[in-house]
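Just so you know, residue 1 is the first one in the sequence shown, and it goes up from there.
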Amino acid sequence: MPQHLVMLRHSAIGILAIASVALAQQPCLPGSASTTSSPTSTTSTSTTTTSSSPIPSGGLPFLGGVNIAGYDFTVKTDGSFTGRGVDPPVSQFSHFASQGVNIFRIPFAWQLMTPTVGGTIDSSFFSRYDNTVQAALNAVTKPYVILDLHNYARWNGGIISQGGPTDAQFTSLWSQLATKYKSNPKIIFGIMNEPHDLNSVSTWATSVQAAVNAIRAAGATSQYILIPGSSWSSAQALPTEAGPALAQITDPAGGTSKLIFDGEAEKHRVSKENSNVDVLATLVAWLKANGNRQAILSETGGGNTQSCYTNLKAELAYVKANSANLAGFSVWSAGSFDTTYILTLTPNADGTDQPLWIQAVKPNLPGAQ
């Protein structure tokens, strides 16, 4: 998530309220156009028809769900972190699963999991995190759960293998987590949230390959792995920027069906002018042309405004209709955010849902007609 949205994130716990008010005046959030995007002047209606491509053999079924944030609170976009995170309410898993949600993404700060870069997992924090993961896994839909390392390809300002942590220090974390979760095929390893401003995309692809190798070497051979690109995991930039290098990553477990491209539509404004369908159509074409691969939108979303209701609904409908290649979405965000956060999907105290969830997300969940 770009810095202005990370700032908004903390408004949920009483930080940067002024920035929240300022951005709330914009027509629909999240996202500002990235350097690789320009909002279109008309809403795309290119297609919401069912994809003609079959789901790749061994690929993911259609998944729809939500981020459950808290353990990532105060992670900055330079990969620095202070605090201890906030445990999200586990009651949300049953709440959302009762509506058909079959995937949850649970972000965490690298420094919470291993207080020393390259060091051993902290048993106290892992107990907290795993309790949350297990609550998610035990929800009625038996959902997939993304373990999301939310550090922007960085540790305290240094980019992985580009002046910061070494690949060995990075992969040590994933080797340890893979060892702990290798027996559960519903775990998805989200090896990094939103890499950005990389010195070298090809070097980053080498780091991603090293993480894949470490996960498989730890014995986690049945799980899916999300391979993130550059420019904040931009879905628009993926086909031309990091995608060609990431497409060459191999899976020691065999094939490529369990290596899922990690994309985000959040950088391309879901506003009254744009539903992102044009961006996603280009991505689908690229996925088909490169081995009929799959991607997932690990973050997308918007504010509680009518333009967001309309255009996020169109975006997610396109994902659902093209789920052979766009395997699903997890919307930002519920969890420990309060209900005044500008991008909140946290249920209200009386158990009712936010308007954005009701109008845009719920109609596009698995099983919804």
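The shortest distance between side-chain heavy atoms of Thr77 and His196 falls below 4.5 Å. Proximity of Leu177 to Met113: side-chain heavy atoms (C-beta onward) are separated by under 4.5 Å at one or more points. Proximity of Gln223 to Tyr181: side-chain heavy atoms (C-beta onward) are nowhere separated by under 4.5 Å. Taking 4.5 Å as the limit, every side-chain heavy atom of Ile191 sits out of range of all side-chain heavy atoms of Leu149. Side-chain contact between Asp122 and Leu112 is absent, with no heavy-atom pair separated by less than 4.5 Å. A heavy-atom distance below 4.5 Å is found between the side chains of Leu198 and Ile159. Residues Tyr309 and Leu356 have side chains in contact (heavy-atom distance under 4.5 Å, counting atoms from C-beta outward).
Side-chain contact check for Asn311 and Glu315: no donor-acceptor pair (N or O, by modelled atom type) lies under 3.5 Å. Donor-acceptor pairing under 3.5 Å is lacking for the side chains of Thr282 and Trp286. Checking Trp357 against Gln99 by side-chain atom types alone, a donor-acceptor pair falls below 3.5 Å. For the residue pair Gln134 / Asp130, a side-chain donor-acceptor distance below 3.5 Å is found, with atom types taken as modelled. Remark: the Tyr71 side chain and the Ser336 side chain contain no N/O donor-acceptor pair separated by less than 3.5 Å. At a cut-off of 3.5 Å, with distance as the only test, no side-chain donor of Asp353 or Asn348 sits close to an acceptor on the other residue. With 3.5 Å as the limit, one finds no donor-acceptor pair spanning the side chains of Asn276 and Gln236. Asp262 and Ser298 form a side-chain donor-acceptor contact under 3.5 Å, judged by distance and modelled atom types alone. Side chains of Ser234 and Glu241: a donor-acceptor N/O pair is absent below 3.5 angstrom, by distance only.
Residues Trp155 and Phe81 place their aromatic rings such that the two centres sit no closer than 6.0 Å.
Between Trp232 and Tyr152, the ring planes lie perpendicular to each other; the angle is over 60°, past the 30° to 60° tilted range. Ring geometry for Tyr224 versus Tyr144: interplanar angle over 60°, hence perpendicular rather than tilted (30 to 60°). Note: Phe104 and Phe93 have perpendicular aromatic rings, judged against thresholds of 30 and 60 degrees for the angle between ring planes. Ring-plane geometry between Tyr341 and Phe337 is classed as parallel, the angle between the planes falling under 30 degrees on a 0 to 90 degree scale with a further cut at 60.
Salt bridge absent: Asp251 and Lys258 never bring a charged side-chain N and a carboxylate O closer than 4.0 Å. Remark: Arg154 does not engage Asp78 in a salt bridge, criterion side-chain N to carboxylate O under 4.0 Å.
Under the 3.5 Å distance criterion, the side-chain polar atoms of Thr344 are matched with a main-chain donor or acceptor of Asp338.
Under a cutoff of 6.0 Å and an axis angle of 45°, Lys180 and Phe126 form a cation-pi pair.
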